[in-house]
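Just below is one structure, and these are the notes that go with it.
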Amino acid sequence: MPADELRGRWSLVTGASSGLGIDFARELAKRGANLILVARREDRLRNVADELIGAYNVEVDVVSVDLGVRGAADRLYLELAAAGREVDILINNAGFGVHGTFLDNPWERELEMMDLDIIALVHLSKLFTPGMVERGYGRILQVASTAAYQPVPTYAVYGAAKAFVSSFGEALNYELKGTGVTCTVVSPGVTGTEFQEVAGHLYTTYMRRVEMKSEDVARLGIEAMLGGRSSIVTGLANAVGVSIQRLLPRRAVTAMAAYFMKAGK
């Protein structure tokens with residue numbers, strides 16, 4: 001990988017106002033990429049933009065939009081096309097989880113989650129990948145989760161959504177062979193972001209023990225993307241856990257997931 005592979009290229013990062021989104025943006029800016037930061041909270045985006053411009057002397061655009069609203073991805077694409085922005089790196093990071101039993105969680109909230117975690121991610125991939133293929137270069141990073149690797153009681157819909165992201169991303173990467181474009185799926189475990197607060201889930205003892213820093217997850221994800229890997233589970237403990245789960249009966253894996261989501265409260 002050339003050291004300056006990303007220099008001057010435009011990178012689009014969704015969910016860029018907090019957590020992993022900010023750290024993905026930092027990692028890209030360090031490598032000389034220009035940034036298009038997308039999220040709902042414009043004030044936060046502008047703070048991130050000011051930081052990146054000052055620290056790395058890159059160009060940064062800010063777009064405030066709720067990608068969970070149907071049609072928002074189309075509007076974003078058309079706005080960037082009108083501005084002459086050719087997106088060579090797409091980081092589909094925007095998303096959130098909903099904690100609780102399926103019977104107790106409000107349908108409206110879970111629908112919002114699926115619209116953002118699945119529909120927006122696929123739609124943005126559909127919109128921006130053809131241009132990458134036409135230009136012969138592109139890097140896509142789909143943010144999944146270790147929840148993609150087993151059923152997760154109390155995160156039933158979220159886990160299934162991330163399983164979709166993982167399957168979709170790896171299949172897309174295979175379809176893109178020979179085009180100069182790659183798609184990488186990064187699957188973090190518990191990460192130090194606002195995820196738990198938004199999901200409505202208090203930290204457990206298990207979560208505190210295995211939590212990774214957001215900046216470490218972002219760095220590993222970007223490195224895997226630039227290396228052309230189809231997927232990566234971040235962190236040794238997470239990777240080992242996923243490997244062990246493949247050897248166990250599905251029923252046992254589901255029971256273990258349920259236990260770790262409530263143990264130590």
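Only a predicted model underlies this, so the values are computations on that prediction, with no experimental measurement involved.
Residue Asn57 qualifies as open at atom CG: its count of foreign heavy atoms under 6.0 Å is 12 or below. When the shell of 6.0 Å around CZ of Arg40 is examined, it contains 12 or fewer heavy atoms from other residues, nucleotides or ligands.
The side-chain hydrogen bond (donor to acceptor under 3.5 Å, both in side chains) test with Gln150 singles out one residue from Arg250, Arg246, Gln245, and that residue is Gln245. Partner Val87 forms a side-chain contact (heavy atoms from CB on, under 4.5 Å) with one of Leu80, Leu127, Ile140 and no other, that one being Leu80.
Residue Arg85 holds its CZ atom at 4.0 Å from CG of Asp61, rounded to the nearest 0.5 Å. Atom CG of Asp88 is separated from atom OG of Ser11 by 7.5 Å, given to the nearest 0.5 angstrom. The CD1 atom of Ile89 sits 9.0 Å away from the CG atom of Asn34 when rounded to the nearest 0.5 Å. For the atom pair Cys183 SG and Lys177 NZ, the distance stands at 13.5 Å (nearest 0.5 Å). To the nearest 0.5 angstrom, Asn47 atom CG is 11.5 Å from Arg41 atom CZ. Here the CG-CG distance, from Asn93 to Leu121, works out to 10.0 Å after rounding to the nearest 0.5 Å.
Between Val63 and Leu76, the shortest heavy-atom contact is CG1-CD1, 3.7 Å. Closest approach of Leu220 and Met212 over heavy atoms only: CD1-CE, 4.1 Å. Contact record, Gly221 with Val186: CA-CG2, 4.0 Å, taken as the closest heavy-atom pair. Residues Glu86 and Trp10 come closest through the heavy atom pair O-CB, 3.4 Å. Summarising the geometry of Ala148 relative to Ser166, their closest heavy-atom pair is CB-CB, 4.1 Å, with the distance given to 0.1 Å. Between Ala94 and Gly15, the closest heavy-atom pair is CB-N, 3.6 Å.
Both Tyr155 and Trp107 are part of a single hydrophobic cluster, where members link through side-chain heavy atoms under 4.5 Å apart. Linking ILVMFWY side-chain heavy atoms closer than 4.5 Å, directly or via other members, places Ile118 and Val152 in a single hydrophobic cluster. Under the 4.5 Å side-chain heavy-atom criterion for grouping Ile, Leu, Val, Met, Phe, Trp and Tyr, Tyr149 is not connected to Leu247 through any hydrophobic cluster. Put simply, Val185 and Met132 are part of two different groups of oily side chains (I, L, V, M, F, W, Y) that touch within less than 4.5 Å, one to the next. Each of Met114 and Val69 belongs to its own hydrophobic cluster when Ile, Leu, Val, Met, Phe, Trp and Tyr are linked at side-chain heavy-atom distances under 4.5 angstrom.
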Tell me, with the steps shown, if Glu42 and Arg46 meet salt bridge (Lys or Arg N to Asp or Glu O under 4.0 Å).
CA-CA 6 Å; Glu42 184 174 357; Arg46 296 204 176 279; 2.8 Å; yes

Show your working on salt bridge (Lys or Arg N to Asp or Glu O under 4.0 Å) between Arg31 and Glu27 and close with a plain yes or no.
CA-CA 7 Å; Arg31 292 165 169 81; Glu27 285 295 323; 2.7 Å; yes

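Residues Leu176 and Thr182 fail the side-chain proximity criterion, which asks for heavy atoms closer than 4.5 Å. Between Leu226 and Leu6 there is a side-chain heavy-atom pair separated by less than 4.5 Å. Side-chain atoms of Val157 and Val98, non-hydrogen and from C-beta on, never get closer than 4.5 Å to each other. Between Glu112 and Asp115, every side-chain heavy-atom pair lies at or beyond the 4.5 Å cut-off. Side-chain contact between Pro153 and Met261 is absent, with no heavy-atom pair separated by less than 4.5 Å. Between Asp74 and His123 the shortest side-chain heavy-atom distance falls below 4.5 Å. At least one side-chain heavy atom of Glu51 sits less than 4.5 Å from a side-chain heavy atom of Arg26. The shortest distance between side-chain heavy atoms of Glu223 and Arg219 falls below 4.5 Å.
Under the ring-ring contact (aromatic ring centres under 6.0 Å, His included) criterion, the residue pairs touching residues 41-97 are Tyr77-Phe128, with sequence neighbours excluded. Within the structure, no pair that satisfies the salt bridge (Lys or Arg N to Asp or Glu O under 4.0 Å) test touches residues 153-176, not counting sequence neighbours.
With hydrogens and angles disregarded, no donor-acceptor distance shorter than 3.5 Å links the side chain of Ser231 to the backbone of Arg229.
In the model, Asn238 has no side-chain atom that pairs as donor or acceptor with a side-chain atom of Thr146 under 3.5 Å.
With sequence neighbours excluded, the residues satisfying side chain to side chain contact (heavy atoms under 4.5 Å, CB included) with Val60 are Leu35, Leu37, Ala49, Leu52, Ile53, Val58.
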